[in-house]
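Before any comments, here is the structure.
Chain naming here is simple, since letters A, B, ... match the order of the sequence lines and numbering starts at 1 in each.
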Amino acid sequence: MNSDLSQTQSKKVRTRFAPSPTGFLHIGSVRTCLFNFLYAKKMGGDFVLRIEDTDKERSKPEFEEDIKQGLKWLGIIWDEGPDTNGKFGPYRQMDRLDIYEKYARQLLDQSHAYYCFCSEEELEAKKQEMVARGHAPIYDGKCSNISKEEAQQRIAAGEKAVIRFKTQNKVISFTDLIWGKVDFDASLFGDFVIAKDTRSPLYNFAAAVDDYLMEITHIVRGEEHLSNTPRQMMIQSALGFGHPQYAHLPLILGPDKTKLSKRHNAEPVGYYKQKGYLPQALNNFIAFLGWNPGTEREMFSMPELINEFSFERCRKSGSIFNIAKLDWYNGMYIRQTPLDKLTELLIPYYQEKNLIEKISDREFKITATNQTIDFATLSLIVSLYQERLVKLEDIIEATDLFFVELPSYEKDLLLFKDMTYQQVANSIDKCIELLSNAESFQKDYLQTHCLNAIQEANLNRGQILWPLRVALTGKKASAGPFEIAEILGKDLSLKRLNFAKKILG
RNA sequence: GGUCCUAUCGUCUAAUGGUUAGGACACCACCCUUUCACGGUGGUAAUACGGGUUCGACUCCCGUUAGGACCGCCA
């Protein structure tokens with residue numbers, strides 16, 4: 001029952017990501033998908049997106065759309081999928097019902113499967129009883145003795161039935177690329193349900209059929225699927241299919257070390273996008289959960305991940321999703337982003353908060369003041385804060401001061417260390433004098449001009465610069481006062497200094 | 001309860017019989033500095049426990065403990 005290595009190795013590698021569109025794209029799915037993608041590309045093969053929408057109640061088109069959008073945003077591009085031409089389509093399982101029907105009938109005809117007429121209540125009662133007696137809760141095979149003819153008649157008479165696979169009592173072995181040799185005692189599975197009817201396939205059956213027909217060579221999925229593998233292999237064998245290679249990835253865990261899920265506030269990928277995480281950061285971070293390149297290098301672009309990836313360097317134990325590390329990666333990638341590109345990424349955040357409105361490609365209107373601001377000035381502002389951003393959305397809180405007439409802040413914020421109000425008022429006066437006399441508002445000039453004056457007057461730098469910076473920004477933390485003054489301009493800077501005096505009373 | 005798996009700093013991990021157990025995030029200190037951030041320097045911090053095997057064990061074996069996954073007419 002070993003996977004036929006000789007055959008798969010000579011074939012072109014094909015992997016697949018097969019999500020069910022029953023929810024938004026989540027981090028755990030992204031990791032599975034990413035590793036499928038990385039391996040396929042590493043091997044020069046194809047990566048297939050297959051939509052497993054056989055759960056009619058829960059599958060929704062908007063979820064499929066969210067999954068596709070998320071993957072595109074991450075740069076995980078499929079070679080074949082629902083909306084691409086591929087010779088192995090259709091790629092949505094609900095469009096493949098004829099295929100499943102054909103194989104379901106084959107299984108039924110060849111007695112690898114049979115109709116089961118047991119009611120759910122009956123099954124549940126039996127299950128309870130078995131568990132109570134300390135047994136694995138498996139189906140007792142009651143309906144396996146019903147003749148095909150009788151089954152047909154009862155179906156024709158409208159009796160409700162599901163299709164069960166006839167499990168053989170034997171050990172199923174396979175060599176997992178991550179787990180090594182794995183053995184399962186199939187007798188512990190019982191006869192499991194593979195379809196609700198010939199046109200309503202269930203996961204294990206549909207996946208086994210599709211993976212074969214789509215010529216998938218390597219199935220890369222989460223560890224939670226490990227025990228599905230022998231079931232799918234039995235179906236493959238019964239249908240005369242060969243077996244693909246398997247690689248079961250360790251799980252991504254929440255802070256409580258259980259499988260990452262909704263109850264951990266595990267947000268969908270769209271959430272990270274909205275917060276301003278960059279796809280490079282997310283990919284890099286997720287790739288390093290359960291895999292490492294074996295070197296001390298931490299930053300890897302997608303092409304570099306593809307180049308370095310291997311199952312040999314995947315570990316078997318789960319890893320906790322640690323957002324602090326993601327934040328670090330994101331800051332690193334934000335700092336690496338070219339300024340123009342970063343500005344473009346940030347503009348939607350300003351628009352979203354209604355701080356600016358677009359006039360043309362290179363010109364915007366500041367909502368609060370009606371003044372125009374061009375792309376170059378926006379870039380200048382961004383340049384001041386690029387190294388301070390953890391996430392793109394942080395730009396708003398950091399730079400809203402440039403998009404209002406006057407900042408608002410508490411009077412005491414003007415106090416540097418143990419200064420008195422009188423001292424601060426004196427400092428503000430000095431700043432007004434300095435900026436009024438400035439021949440230029442270029443930041444280098446301003447800096448030299450002010451710092452020299454402070455030194456000549458034998459003043460304390462902090463006692464001048466802190467109140468100046470706070471008067472200009474209204475914030476506890478910000479970029480330096482001179483670079484901010486340059487952008488604000490003389491009028492607005494002086495206006496804010498005078499406003500500070502008014503606050504002081 | 002059954003089957004399977006896992007166990008190195010708080011977290012992500014390296015070290016596949018011989019290292020002062022390495023790196024990264026986080027944290028702390030110092031430097032830079034008006035603030036924040038960036039950057040730089042340094043620091044705290046781990047082989048779950050108990051037995052073996054071996055000259056030598058994070059590494060191999062056994063047990064204990066702790067954790068996890070699965071056990072659907074979901075995928």
Please classify the nucleic acid contact of [X] as base, sugar-phosphate, or nothing, using heavy-atom distances under 4.0 Å.
| X | answer |
| --- | --- |
| A/Arg313 | sugar-phosphate |
| A/Thr295 | nothing |
| A/Ser478 | base |
| A/Lys257 | sugar-phosphate |
| A/Glu120 | base |
| A/Pro19 | nothing |
| A/Lys259 | sugar-phosphate |
| A/Asn228 | base |
| A/Lys56 | nothing |
| A/Val162 | base |
| A/Cys118 | base |

(request) Round to the nearest Å and state the distance from A/Asn292 atom CG to B/rU11 atom C1'. (result) 15 Å

Mind checking the [atom1] distance from [N] to [M]? Whole angstroms is fine.
| N | M | atom1 | answer |
| --- | --- | --- | --- |
| B/rC27 | B/rU11 | C1' | 12 Å |
| B/rG43 | B/rC62 | P | 40 Å |
| B/rA66 | B/rU19 | C1' | 29 Å |
| B/rU13 | B/rG72 | C1' | 36 Å |
| B/rU47 | B/rG10 | C1' | 16 Å |
| B/rC74 | B/rA57 | C1' | 46 Å |

(message) For A/Phe189 and A/Phe165, I'd like to know if the aromatic rings sit close, meaning centre-to-centre distance below 6.0 Å.
(response) no

(request) Answer yes or no: are there more than 12 heavy-atom neighbours, outside A/Glu62 itself, under 6.0 Å from its atom CD? (result) yes

(request) Flag yes if more than 12 heavy atoms outside A/Lys411 fall under 6.0 Å of its NZ atom; otherwise flag no. (result) yes

(message) With hydrogens left out and only the distance checked, is there a donor-acceptor pair under 3.5 Å joining A/Lys325's side chain and the base of B/rA24?
(response) yes

(request) May I ask you to verify whether the side chain of A/Arg469 and the base of B/rU35 hold a donor-acceptor pair under 3.5 Å? (result) yes

(request) Say whether, by atom type as modelled, one donor and one acceptor occur between the side chain of A/Ser187 and the main chain of A/Asn169 under 3.5 angstrom. (result) no

(request) Please confirm whether the backbone N or O of A/Asp95 pairs with a side-chain atom of A/Tyr91, one donor and one acceptor, at under 3.5 Å? (result) no

(request) Report yes if at least one side-chain N or O of A/Ser227 is closer than 4.0 Å to OP1 or OP2 of B/rU3; otherwise report no. (result) no

With respect to the side chain of [X], which nucleotide from [options] is positioned closest?
| X | options | result |
| --- | --- | --- |
| A/Arg335 | B/rC38, B/rC71, B/rU13 | B/rC38 |
| A/Arg58 | B/rC38, B/rC74, B/rU8 | B/rC74 |
| A/Glu298 | B/rA24, B/rA75, B/rU35 | B/rA24 |
| A/Ser319 | B/rA75, B/rC12, B/rC5 | B/rC12 |

(request) Take the angle between the ring planes of A/Phe288 and A/Phe300 and call it parallel below 30°, perpendicular above 60°, tilted in between. (result) tilted

(message) Both distances below 3.5 Å, Watson-Crick or wobble geometry, any strand: find the nucleotide opposite B/rC73.
(response) none

